[in-house]
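These notes concern the structure reproduced below.
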Amino acid sequence: MSERELPKAYEPAAHEDAVYAAWEKSGFFNPDKLPGDRKEPFCIVLPPPNVTGTLHMGHAAMLAIQDLMIRFERMRGKKALWVPGTDHAAIATQSKVEKLLMEQGMKDPRRVLGREKFLDEVKKFAQESHDTIVGQCRKMGSSLDWSREAYTLDEARNRAVNRAFTRMYDDGLIYRGWRVVNWDPVGRTTISDDEVEHKEGKAAFYTFTYAPEFPIAISTTRPETKVGDAAVAVHPSDARYRKYVGKTYELNFAGAKLKIQVVSDDSVDPGFGTGALGVTPAHSAVDADIAKRHGLPTMQVIGEDGRMLPVAGELVAGRTTLEARAIVVAWLRDRGLLQKEEEVAQNVSIAQRTGAVIEPLPKLQWFVDVNKPLRRGWKKTTLKKLMQDAVKSGAVKIMPERFAKTYFHWIDNLRDWNISRQIWFGHRVPVWYKGDQLSVGESPGEGWTQDEDTLDTWFSSGLWTFSTLGWPDDTADLRTYHPTSVLETGYDILFFWVARMVLMSTYLVNEVPFKEVYLHGLVRDEQGRKMSKSLGNVINPLDMIAKYGADATRLSLVIGATPGNDLKMSEEKIAGFRNFANKLWNISRFVLTTIGDRGPQATEASRPAGLRAYEPQTLADRWILSRYGEVSREVTRLLDQRGFSAAGELLRDFTWNEFADWYVEAAKIQRAEPGHAHTTDAILMEILRGLLALWHPFMPFVTETIWGMMNADSSPYQGEGKEGSAMLMVQPWPEGLRVHDGGSEKGFVAIQGVIESIRKTRSDFGVPAGQMIPVRLTASDVSALEDHKELIKRLAKADPIEIQVSSETGYGVHITPASFVDKEKERARLTKEIEQLKGYAASTEGKLGNDEFVRKAPEKVVAEMRAKLDEAKAKLVALEGQLTSLN
RNA sequence: GGGCGGCUAGCUCAGUUGGUUAGAGCGUCACAUUGACAUUGUGAAGGUCAGAGGUUCGACUCCUCUGCCGCCCACCA
């Protein structure tokens with residue numbers, strides 16, 4: 001191959017699209033079409049991105065990590081399936097479209113358009129968003145099986161949702177009931193507890209009595225709700241109020257007629273406020289519980305629009321809650337009923353999607369009962385227990401482990417899950433009404449009307465692992481790939497999604513949804529801030545791909561990232577990995593252009609994986625093959641344990657610091673020697689191929705591109721009608737090379753030591769220096785050095801070279817000629833080194849002199865320390881000799 | 001209020017059951033560099049591992065406490 005064909009620098013943009021197109025054309029993203037006889041399945045379902053817009057760096061990280069696993073397992077010979085899909089994201093999408101339409105001047109889109117037309121708008125937006133997302137996944141190089149693409153709101157998933165709902169309803173796990181729920185006045189829907197965020201704020205805390213004749217003072221931050229009070233609750237043991245318990249007071253409060261009963265209830269904290277709690281059954285979940293226990297009536301005084309209802313009394317009716325609050329407080333103040341007004345820190349409940357302040361309201365909603373006893377096999381259990389058992393039993397392994405605790409804690413506090421929403425975009429609740437009759441599932445026929453509500457988006461996402469594989473049908477995919485192997489997602493949706501998938505899967509298909517959960521962190525900017533449009537610190541993955549390539553972008557998201565920890569991202573970091581991709585390119589360029597002429601036999605002599613035995617001829621050969629074997633085994637082990645970052649770092653260090661910096665350099669010299677040329681070339685080719693394979697899951701594009709050039713004749717995307725099976729993506733994973741006796745390659749380490757010492761001397765003094773360079777050598781090392789004089793000369797640029805064994809120590813090499821420019825400098829350096837060495841020797845001798853240490857420490861540690869100490873002492877003697885000879 | 005995590009070089013972070021003189025990348029500085037690569041090479045400087053106790057022959061690692069920083073959960077009205 002001529003050099004002209006290969007540009008000096010790797011240009012990602014010139015190759016990536018063609019490579020992806022070739023992968024897709026091959027069909028290998030689909031495990032059914034993979035070559036070879038594959039038995040073991042490996043499956044990941046892509047956490048479906050919301051169709052609310054475009055992908056950000058967090059998505060890119062997710063794609064990079066999952067593609068890494070999928071490609072690794074595919075090369076290892078598994079039936080690797082990665083299922084793509086998108087999420088309709090109900091509220092998020094609907095409110096986004098609503099906002100867009102309002103920005104375009106439409107006042108109340110839902111009212112103006114009506115259900116059908118409004119949904120058309122949402123669907124149009126969702127479709128565009130979907131197309132963008134799919135395009136971005138391709139740009140990232142994701143080897144997703146597009147033939148199995150799913151959407152949480154498509155026909156097949158709707159069947160799954162309806163089936164799930166029906167079964168849970170039939171089993172009594174889904175019920176309809178009046179409850180005080182979280183009402184989002186902006187989104188005009190209820191939301192689940194998990195969709196409520198708490199923001200710290202300050203609030204005025206008022207202490208007052210309802211009326212002059214009422215004997216007990218209460219405290220609240222929301223006086224306007226008190227027009228709906230039914231009772232005052234006190235603790236049973238509270239002596240202050242005992243005499244009032246059981247009495248009922250009829251009174252006028254801020255224009256409302258109230259009938260207040262004094263009740264005693266354990267849930268009241270006598271130490272808080274006045275120790276008496278005004279019970280507002282309609283607008284507080286806690287109060288609703290108390291009211292239920294005492295049979296108190298519920299009166300809703302706030303409407304869905306966040307305004308006071310007529311029953312609240314004419315004083316406040318029609319007003320917003322804030323206006324009403326001011327009116328009530330003024331009313332109290334005028335009458336001298338207000339005893340205290342103080343400022344307290346208080347958490348405000350905010351709707352996650354719309355940012356609206358939550359208004360607790362009583363509503364008729366659908367719920368999943370998580371505490372209802374159910375029978376599963378022989379034993380009684382509950383949905384909560386199913387969720388706990390899945391993780392406790394080890395059937396689902398959470399990484400990092402600490403999140404298991406968070407998971408259990410969430411379940412402990414879990415209450416019934418409100419699954420109905422009053423929005424339009426989503427799966428319609430599959431319940432039909434006709435008069436008093438109710439039917440669940442398919443439409444029973446004429447005259448029935450369907451429930452207006454839609455389901456929480458997480459209800460459909462909860463089915464994702466099996467609904468994508470064909471459930472409720474008993475499909476081959478479901479049997480083969482479920483439970484899925486790994487769920488890789490962000491820790492921020494552990495509750496929303498991960499827990500719900502466990503719930504749905506263990507209940508509906510009696511299997512865990514996945515065996516392993518790998519939680520990645522959030523991608524932040526270089527200062528650790530969340531990326532947000534308002535901060536202007538958003539790094540768009542597509543921009544980075546355009547500028548530095550998909551491979552560099554992927555590496556920057558994988559290396560340096562540990563599970564569960566946030567990752568700081570910066571453009572410099574991506575640029576650094578672009579440099580590495582280029583390094584790999586240039587290593588290949590060297591190998592291909594210099595030995596390309598002898599290409600055929602070199603290629604034939606080696607295979608990409610399952611490396612055959614070699615007859616290494618030099619120390620460098622033995623050393624690099626041995627290191628390559630170690631590294632490839634270690635990388636495999638690390639990837640197996642999901643240590644992506646460590647695996648990547650190890651590979652990078654080996655590729656750059658060992659293969660490129662040492663072996664390639666040595667190879668330049670070796671291959672000039674007739675006897676060594678062929679082996680050297682073969683080894684270069686062999687290891688390069690192995691490295692491309694090992695790197696492929698990390699950097700699929702550049703590795704596939706180089707691979708195609710190495711096999712230009714059969715290049716899958718450069719020629720017509722070529723076989724896809726020649727592609728790197730389906731080559732077997734290099735399992736590591738087994739190398740000869742082991743140990744003899746250490747001679748090369750000695751040579752490296754000598755060369756480094758010479759370089760250092762040159763660096764310190766600017767000229768080749770003559771000095772005894774202390775290197776620990778065995779007799780065979782010395783002969784190795786004799787044999788490799790040429791290599792040392794060339795690599796160290798030291799000439800001439802003469803190797804001597806020091807008579808005093810038995811260690812060392814002598815490089816001539818001797819002439820130092822700066823004796824002072826040398827003296828200082830030697831002195832410093834000697835001092836360090838002495839310090840070390842003293843502390844080590846101290847330890848070795850400690851009987852207890854020697855007795856208790858592992859033998860290996862002691863032996864290593866002894867050896868190291870001996871070496872240090874010898875070096876010390878050598879250095880001291882140098883110092884005296886200097887004077 | 002409950003829980004979790006972090007604190008290691010100027011910056012970003014590794015450090016796998018406790019075991020030699022604690023590592024990498026980036027940045028800084030010095031030097032080098034006409035053939036794979038300036039998207040380069042060689043080297044240097046830089047850390048009492050947040051602090052204090054404890055366990056141990058030995059602690060970045062285990063235990064206790066303290067201090068900052070961050071996150072999650074929570075129906076104290």
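Note on naming: letters A, B, ... go to the chains in the order of the sequence lines (proteins, then strands), and numbering restarts at 1 for each one. As a basis for the values below, the full set of heavy atoms in this structure was taken, side chains included, without hydrogen atoms, waters or symmetry mates.
Between the P atom of B:rU12 and the CG atom of A:Leu557 lies a distance of 18 Å, rounded to the nearest Å. When the P atom of B:rC26 is taken as reference, atom CZ of A:Phe577 falls 9 Å away, rounded to whole Å. Summarising the geometry, the separation between CZ on A:Phe403 and P on B:rG5 is reported as 9 Å, rounded to the nearest angstrom. Distance A:Arg589 CZ to B:rU40 P: 15 Å, rounded to the nearest Å. As a whole-Å value, the separation of A:Leu555 CG from B:rG25 P is 15 Å. Atoms CH2 (A:Trp662) and P (B:rU42) sit 8 Å apart, rounded to a whole Å. A:Asn579 places its CG atom 19 Å from the P atom of B:rA36, with the value rounded to the nearest Å. A straight line from CG of A:Asn586 to P of B:rA36 spans 10 Å, rounded to a whole angstrom.
Looking at heavy atoms from C-beta onward, A:Lys226 lies in side-chain contact with A:Ile218 at the 4.5 angstrom threshold. Between A:Tyr10 and A:Leu584 the shortest side-chain heavy-atom distance does not fall below 4.5 Å. Using a 4.5 Å heavy-atom cutoff, the side chains of A:Leu522 and A:Tyr491 are in contact.
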Would you tabulate the side-chain donor-acceptor contacts of residues 849-858 of chain A under 3.5 Å, counting partners in other chains and residues two or more places apart, or write 'none'?
{"unit_1": "A:Asn850", "atom_1": "OD1", "unit_2": "A:Glu852", "atom_2": "N", "d": "2.9"}
{"unit_1": "A:Asn850", "atom_1": "OD1", "unit_2": "A:Phe853", "atom_2": "N", "d": "3.3"}
{"unit_1": "A:Glu852", "atom_1": "OE2", "unit_2": "A:Lys856", "atom_2": "NZ", "d": "3.1"}

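Phosphate contact (OP1/OP2 of B:rA24, side-chain N/O of A:Trp656, threshold under 4.0 Å): absent.
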- Message: So if I define the base as every atom that isn't primed, P, OP1 or OP2, how would nucleotides 71-77 of chain B read as a B/S/- string at a heavy-atom cutoff under 4.0 Å?
- Response: -SSBBBB
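Within 4.0 Å (heavy atoms only), A:Arg578 reaches at least one base atom of the nucleic acid. Among the heavy atoms of the strands, none lies under 4.0 Å from A:Ala575.
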Which atoms of nucleotides 57-63 of chain B (N or O only) lie under 3.5 Å from a protein N or O atom, and what are those distances?
{"unit_1": "B:rC57", "atom_1": "OP1", "unit_2": "A:Glu852", "atom_2": "OE2", "d": "2.9"}
{"unit_1": "B:rC57", "atom_1": "OP1", "unit_2": "A:Lys856", "atom_2": "NZ", "d": "2.5"}
{"unit_1": "B:rC57", "atom_1": "O2'", "unit_2": "A:Asn850", "atom_2": "ND2", "d": "3.1"}

Pick out the pairs of N or O atoms, protein on one side and nucleotides 13-17 of chain B on the other, that lie under 3.5 Å.
{"unit_1": "B:rC13", "atom_1": "OP1", "unit_2": "A:Lys568", "atom_2": "NZ", "d": "3.3"}
{"unit_1": "B:rC13", "atom_1": "OP2", "unit_2": "A:Lys568", "atom_2": "NZ", "d": "2.7"}
{"unit_1": "B:rA14", "atom_1": "OP1", "unit_2": "A:Thr562", "atom_2": "OG1", "d": "2.8"}

Under-3.5 Å N/O pairs linking protein and nucleotides 45-47 of chain B:
{"unit_1": "B:rA45", "atom_1": "OP1", "unit_2": "A:Lys832", "atom_2": "NZ", "d": "3.3"}

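The pair A:Arg293-A:Asp266 fails the salt-bridge criterion, with no side-chain N (NZ, NE, NH1 or NH2) lying under 4.0 Å from an Asp/Glu carboxylate O.
Shown here, B:rU21 forms no base pair; nothing in the strands shown gives a Watson-Crick or G-U wobble contact with both key distances under 3.5 Å. Nucleotide B:rC62 has B:rG54 as its partner under the Watson-Crick or G-U criteria, with both atom distances under 3.5 Å.
A donor-acceptor contact under 3.5 Å links the side chain of A:Lys668 to the base of B:rA36. Under 3.5 Å, the side chain of A:Lys583 and the base of B:rC37 form at least one donor-acceptor pair of N or O atoms.
Distances from the side chain of A:Pro858 to the nucleotides B:rG25, B:rG19, B:rU39 place B:rG19 closest.
In this structure, A:Trp410 has its ring center at least 6.0 angstrom away from the ring center of A:Tyr407.
A:Glu341 is linked by a side-chain hydrogen bond (donor to acceptor under 3.5 Å, both in side chains) to A:Arg333, counting only residues two or more places apart in sequence or in another chain.
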